[in-house]
Every structure is written in structure tokens, then in C-alpha cells.
Amino acid sequence: MQVPADEPPTGDAGGARDEPGGPQRVGWFRFFFDDDRWEWSPEVQLLHGYQPGTVSPTTELVLSHKHPDDYQAVAATLDEVRRQHQAFSTRHRIIDTAGHIHHVIVVADKLLDDDGEVIGTHGFYVDVSPTEDHQQQRLSQAIAEIAENRAAIEQAKGMLMVIYGIDADAAFDLLRWRSQEANVKLRLLAEQVVTDFVHLTQGEKAPPRSAYDNLLLTADRRIGSSPEPQRY
């Protein structure tokens with residue numbers, strides 16, 4: 001995928017810059033359809049309880065870490081992604097090798113080869129366990145405050161930090177990833193994310209976090225157009 005000319009190239013570091021020994025909050029993954037091959041960043045390996053470089057993930061291993069109550073839904077999503085070659089976002093629980101439960105959001109887009117053919121999917125895991133009990137109304141209030149006082153990129157970063165409980169570097173990683181995958185300028189994407197998120201919080205009911213996941217994943221499609229109303 002071509003990188004916008006005014007943006008830095010993407011490295012393989014997708015994780016939050018937490019203190020040593022702290023939670024690994026964000027990490028990237030790739031899933032190749034033909035050979036059923038997965039790649040996990042060090043942060044995602046640690047999230048599942050593995051030391052980096054000690055595991056070669058397979059679909060069987062990926063599914064083995066899903067919470068029993070979420071297993072069928074995640075397996076069905078993977079089957080659908082393989083058949084339809086589509087982007088997706090999901091929210092579920094995983095169980096690491098020590099038996100600890102993590103609430104995660106997975107946001108993913110199509111992975112293309114040099115000819116533009118879909119060969120897999122790739123994206124980010126976001127561990128939202130520490131913020132699981134936050135009230136959605138508090139998210140809405142925080143987003144409204146951020147939107148009043150910052151420039152577009154900083155606004156978008158601040159909103160992602162509040163919604164996903166991640167630091168500024170990890171929030172920027174998410175924005176940059178979407179910018180490069182969609183081949184749009186980072187500033188334009190950030191402006192659309194801000195517009196979408198603010199619009200979403202203006203409804204009568206507080207939206208579920210999955211609604212923010214979907215808007216982040218599809219923001220590039222609405223650049224230059226008015227956001228569509230969403231009801232929950």
C-alpha cells in the first residue's frame with residue numbers, strides 16, 4: 001500500500017510505550033489466508049502470555065486462547081473474513097497462558113499483495129481490560145471536552161486515548177496505520193475521526209465501544225461527506 005508523501009514510513013512497532021513490566025496495551029498482527037499463517041508483534045505475544053520469539057501462532061492457537069463464551073463468535077468471524085476477504089472489528093476476551101482474562105478489541109483491514117489482491121488481514125489488538133468498567137457517558141463527556149481545545153491530530157489522539165485506555169504514542173500508531181492503509185493524509189483522517197466520534201456522542205444513548213471501532217476502521221470512506229446518523 002502506498003504511503004502518503006508527507007507521512008513517515010511505518011515500522012513494526014505498534015505497541016504502547018508502557019513502563020517496563022507494565023501491561024502491553026497495543027500490538028499488531030497479520031493473518032495470511034493461503035497458508036493459514038499468523039504473525040504477532042512482541043506485544044501481542046506478551047498479551048497471550050508468551051515471551052517474544054517463542055511461539056509461531058496458528059489459527060488453532062489463536063482460537064485456543066479465546067474465552068469459551070466468545071469462542072464461537074470469534075471463530076465465525078474468522079471464517080467470514082476468510083470467505084469474504086473483508087475488514088472487521090471485534091470485541092472479545094482472551095485467556096493468557098497464566099489463566100488471566102483480557103478484554104481486547106481487534107481492529108483489522110485487508111492485507112494486499114503488490115498486485116492489489118487480498119491475501120489476508122492485518123491490524124491491531126488493543127487490551128482494554130483496565131478500562132472495562134468505565135462508563136460510556138464519561139467517554140462521551142471526555143470526547144466533547146477534547147474536541148473543544150485541540151488541533152485535529154491531537155484531538156483524534158486524545159479521543160483514542162480515552163476510548164481505548166492507551167497512551168499518546170499508541171494512539172498515534174493507530175491513526176498512522178489507518179492513514180497509510182487507506183492512503184490518505186493523516187490530518188484529513190484525523191479530522192474525519194474527530195467529526196465521526198463527536199457526532200456519535202450526540203445521540204440520546206451512550207454508544208457501545210464497538211461503534212467507535214467501526215468508525216475508526218471506515219473513517220477514510222467518509223472524508224468530505226457528512227457523517228451518517230447512528231442509533232443505539
Side-chain angles (χ1 to χ4, degrees), residues 10-33 35-82 87-109 111 120-136 139 160-174 177-178 208-214 216-217:
T10 302
D12 279 346
R17 282 68 171 174
D18 295 302
E19 294 298 323
Q24 304 301 312
R25 303 298 298 280
V26 179
W28 57 261
F29 76 94
R30 302 186 187 101
F31 174 37
F32 298 87
F33 295 147
D35 55 1
D36 203 39
R37 176 168 55 90
W38 292 75
E39 294 177 357
W40 281 348
S41 72
E43 294 82 10
V44 175
Q45 294 178 59
L46 288 167
L47 176 64
H48 286 80
Y50 300 102
Q51 288 301 310
T54 62
V55 64
S56 297
T58 62
T59 299
E60 181 180 6
L61 179 68
V62 170
L63 290 175
S64 74
H65 281 279
K66 305 309 176 187
H67 190 282
D69 292 342
D70 298 335
Y71 180 96
Q72 292 298 332
V74 175
T77 296
L78 286 179
D79 286 342
E80 184 72 10
V81 168
R82 275 189 291 245
F88 75 96
S89 65
T90 181
R91 182 183 182 86
H92 60 272
R93 290 161 291 178
I94 66 172
I95 303 175
D96 66 21
T97 57
H100 299 136
I101 296 175
H102 300 264
H103 294 254
V104 299
I105 291 170
V106 179
V107 182
D109 204 353
L111 178 62
T121 183
H122 66 154
F124 281 85
Y125 277 77
V126 182
D127 183 354
V128 296
S129 302
T131 60
E132 186 62 26
D133 294 330
H134 283 193
Q135 297 295 319
Q136 292 293 339
L139 292 180
L160 293 175
M161 291 167 66
V162 169
I163 291 166
Y164 296 123
I166 56 181
D167 68 12
D169 288 337
F172 184 76
D173 284 343
L174 285 174
W177 167 66
R178 288 303 308 140
R209 192 177 280 119
S210 60
Y212 294 104
D213 304 342
N214 179 67
L216 174 63
L217 194 62

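The chain is numbered in sequence order, starting from 1.
- Taking the six-membered ring for Trp, F31 and F33 have ring centres closer than 6.0 Å.
- Residues V107 and W177 approach most closely at O-CH2, 3.5 Å, considering heavy atoms.
- The CD1 atom of I163 lies 11.0 Å from the CG atom of L174; values are rounded to the nearest 0.5 Å.
- With sequence neighbours left out, D109 forms a salt bridge (charged side-chain N to carboxylate O under 4.0 Å, His left out) with R178.
- Side-chain polar atoms of T58 and W38 form no donor-acceptor pair below 3.5 angstrom.
- Across A87 and A108, no two heavy atoms sit closer than the pair CB-O, 3.4 Å.
- Scanning all heavy atoms of the two residues, the minimum distance from T97 to G49 falls at OG1-O, 3.0 Å.
- Ring orientation note: the planes of H48 and W40 are close to parallel, at an angle under 30° on the 30°/60° scale.
- For D70 (side chain) and R93 (main-chain N/O), a donor-acceptor pair under 3.5 Å exists by modelled atom type.
- The heavy-atom pair separating Y164 from I105 by the smallest distance is CE2-CD1, 3.4 Å.
- To the nearest 0.5 Å, atom CG of residue L78 and atom CG of residue L63 are 5.5 Å apart.
- Taking the six-membered ring for Trp and the full ring otherwise, F124 and W28 have centroids separated by 6.0 Å or more.
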Could you walk me through whether R91 and V128 satisfy the side chain to side chain contact (heavy atoms under 4.5 Å, CB included) test, starting with their C-alpha distance in whole Å, then the side-chain angles of each, then the deciding distance to 0.1 Å, before giving a yes or no? CA-CA 10 Å; R91 182 183 182 86; V128 296; 3.8 Å; yes
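- Every residue was checked against the salt bridge (charged side-chain N to carboxylate O under 4.0 Å, His left out) condition with D69, not counting sequence neighbours, and none meets it.
- What you find for I95 and P68 is that their closest heavy atoms are CD1-CD, 4.0 Å.
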Would you please test Y125 and L47 for side chain to side chain contact (heavy atoms under 4.5 Å, CB included) and show each step? CA-CA 9 Å; Y125 277 77; L47 176 64; 4.0 Å; yes
May I have the step-by-step check of side chain to side chain contact (heavy atoms under 4.5 Å, CB included) for Y212 and L160, ending in yes or no? CA-CA 9 Å; Y212 294 104; L160 293 175; over 6 Å; no
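- Applying the ring pair (Phe, Tyr, Trp, His ring centres under 6.0 Å) criterion to F32, with sequence neighbours excluded, gives no partner residue.
- For D36, the salt bridge (charged side-chain N to carboxylate O under 4.0 Å, His left out) criterion is met by R82, not counting sequence neighbours.
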For I94 and H92, run side chain to side chain contact (heavy atoms under 4.5 Å, CB included): C-alpha distance rounded to whole Å, both residues' side-chain angles, the deciding distance at 0.1 Å, then the answer. CA-CA 7 Å; I94 66 172; H92 60 272; 3.8 Å; yes
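- A donor-acceptor contact closer than 3.5 angstrom is absent between the side chains of H103 and D127.
- Not counting sequence neighbours, the partners of E39 by the salt bridge (charged side-chain N to carboxylate O under 4.0 Å, His left out) test are R30, R37.
- Annotation: ring pair (Phe, Tyr, Trp, His ring centres under 6.0 Å) contacts of Y50 (sequence neighbours excluded): H65.
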